[in-house]
Amino acid sequence: EDIHNCQWNQNNEVMPDDYLKHLTGALHAPELSRSLTLNHYNQTVRAYKKRNLQQAAQAILAFAKDNPELYIASNLDPDCYQNPFFEGEQWYDFNPQTLQQFRDWLAGTGAYAGELKHSLQHTLYSLEQLNQECATCFASWEQVQPPREHPSKAQTGTNTRLLQLWEQFRRHVVHRHYCDLADWLVESGISPAQIFSSQGFTAPRLPIDPFALYIDSPLKNHETGGMCLEGSLPDQGHIGAILYGESARNNIRTENGLPFFQSIRALDPDWAVVEFNPADLRDPPKQLPDYAFAWDCLRQIFNHGARYINMLAWNGSTAKDLHQDFFSAHMALRDTPLQDAVIDFMLIHSDVPRGSVCYSFGSNKHACAEGWTSNIAQVQARTDGLHVPADIPVILQAPEPYLLSGKRSLAIRLNVSDTTVPEVWLAVDGRKIPSSSTIQPDGNILRIDFHPLPETLERLALHVAAGPVVLQRLVFS
């Protein structure tokens, strides 16, 4: 093996394949310590990847031609990183070709004066400008080196600005690699609409900083592997998210303070979840999330418009093996609460078009208000829906108003105790909006039509009068 095809650590080392065999993986003794370099100048690695990927693309296209109803999409090489698996002891990539690409990226030379010029997002530097901004004294571009000290270590004697530029470059390289992979698939004939990256977004646990959302996000106090949300969106393709645990439930700390899925949706409305399980890889292997947790994950993913969702269950794990040594919760689907939640969720949402936002208040196994809050305590979620009492005006506040921007109708599945249909209307930021209401022929669906809701929504409330009524499902379209 030629070490020049591999990523190098800060000590100019390439580690043995099995150096990290103790880490958790899909197989015993995963080989995570030796990675191919992602730099643009290594033509050997690029040719190898392009050849293999395009050969695979031909097989995919043949399958899609014979089975058009079965082919949904293709997702790219999973977890593209500058090797992050050494947990702060080592970081990558200091391959000499990667360092040359770093210099060219700073100055706009080499490939950045040609085929990569379109990818530049920062102000280019002369050597004098770089030295002035970074308080360095490089005598030539050949001397320019990123700091070798890991960002999670104490910053004494380390130039923070140069470190920030190095981290921004590492994210850029990961992004360019996803773009290359997607471009090679497009060359083979696969539509960009069917190409998705495969980027893991692990919920940060204190004291770890939230992961980077953008290529130019601030430095983090942990090894990021060059990963960021923006970098997982190829120019010709879509974000493919790998989600486990709280990340899948959209319940993590983020650097901008917004819900994580809101940031994904803003970057790419046609994103997808290419690998998912409600269990977290870092938790004990027999710790199975319950039905309620799995339901929350599915609801959040669906309502934020994911194009598709792919369960991680490829090794056939079943919860019947829970007490076996080999069982891992994050690989299990069969006979788990997740399987029950998936079946119920699919049935309840079978007639809900993608792009709609649906609140079913749980299922017949799980009562949940799904984030809706009320002005009175008597409103209760039960397994048959959200119960609204009689003779009390009720105001229900929507949990994620930003999801409803642009929507123009609301279909409410009702269960009323008599033939009286309750009076229902919507208010945006405290103001009632003009609307028209009709009862569907089957009598239990109230449809409310209105002008498209504004792009910026701070608050949306549903007003209900003349109960009692059970709200079984709300679908905004």
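Computed from a prediction, not measured in an experiment: that's the story for all the values here.
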Decide if the gap between the ring center of [X] and the ring center of [Y] is smaller than 6.0 angstrom.
X    : Y    : answer
H366 : F361 : no
H122 : W105 : yes
H172 : Y112 : yes
Y178 : F196 : no
W8   : Y92  : no
Y244 : F201 : no

Can you sort out the partners of C358 under side chain to side chain contact (heavy atoms under 4.5 Å, CB included), two or more places apart, ordered by chain and number? F302, N303, H349, V352, R473, V475
Return yes when atom OH of Y48 has more than 12 non-hydrogen atoms of other residues, nucleotides or ligands closer than 6.0 Å, and no otherwise. no
Should we say atom CD of E128 is surrounded by more than 12 heavy atoms from elsewhere, each under 6.0 Å from it? no
Do E223 and R170 pass the salt bridge (Lys or Arg N to Asp or Glu O under 4.0 Å) test, and can you show the C-alpha distance, the side-chain angles, and the key distance before you say yes or no? CA-CA 11 Å; E223 173 53 283; R170 295 203 313 149; 2.7 Å; yes
Under 3.5 Å, is there a donor on one side chain and an acceptor on the other for [X] and [Y]?
X    : Y    : answer
Q100 : R103 : yes
T37  : N42  : no
N256 : S263 : yes
Q300 : D296 : no
N310 : E275 : no
S35  : Y81  : no

Does [X] come within less than 4.0 Å of [Y], counting only side-chain N to carboxylate O?
X    : Y    : result
R354 : D270 : yes
D340 : R334 : no
D280 : R205 : yes
K220 : E255 : yes
D321 : K286 : no

What class does the angle between the rings of F94 and W166 fall in, given that below 30° is parallel, 30 to 60° is tilted and above 60° is perpendicular? tilted
Find the distance between OH (Y41) and CD (Q97) and round it off to the nearest 0.5 Å. 9.5 Å
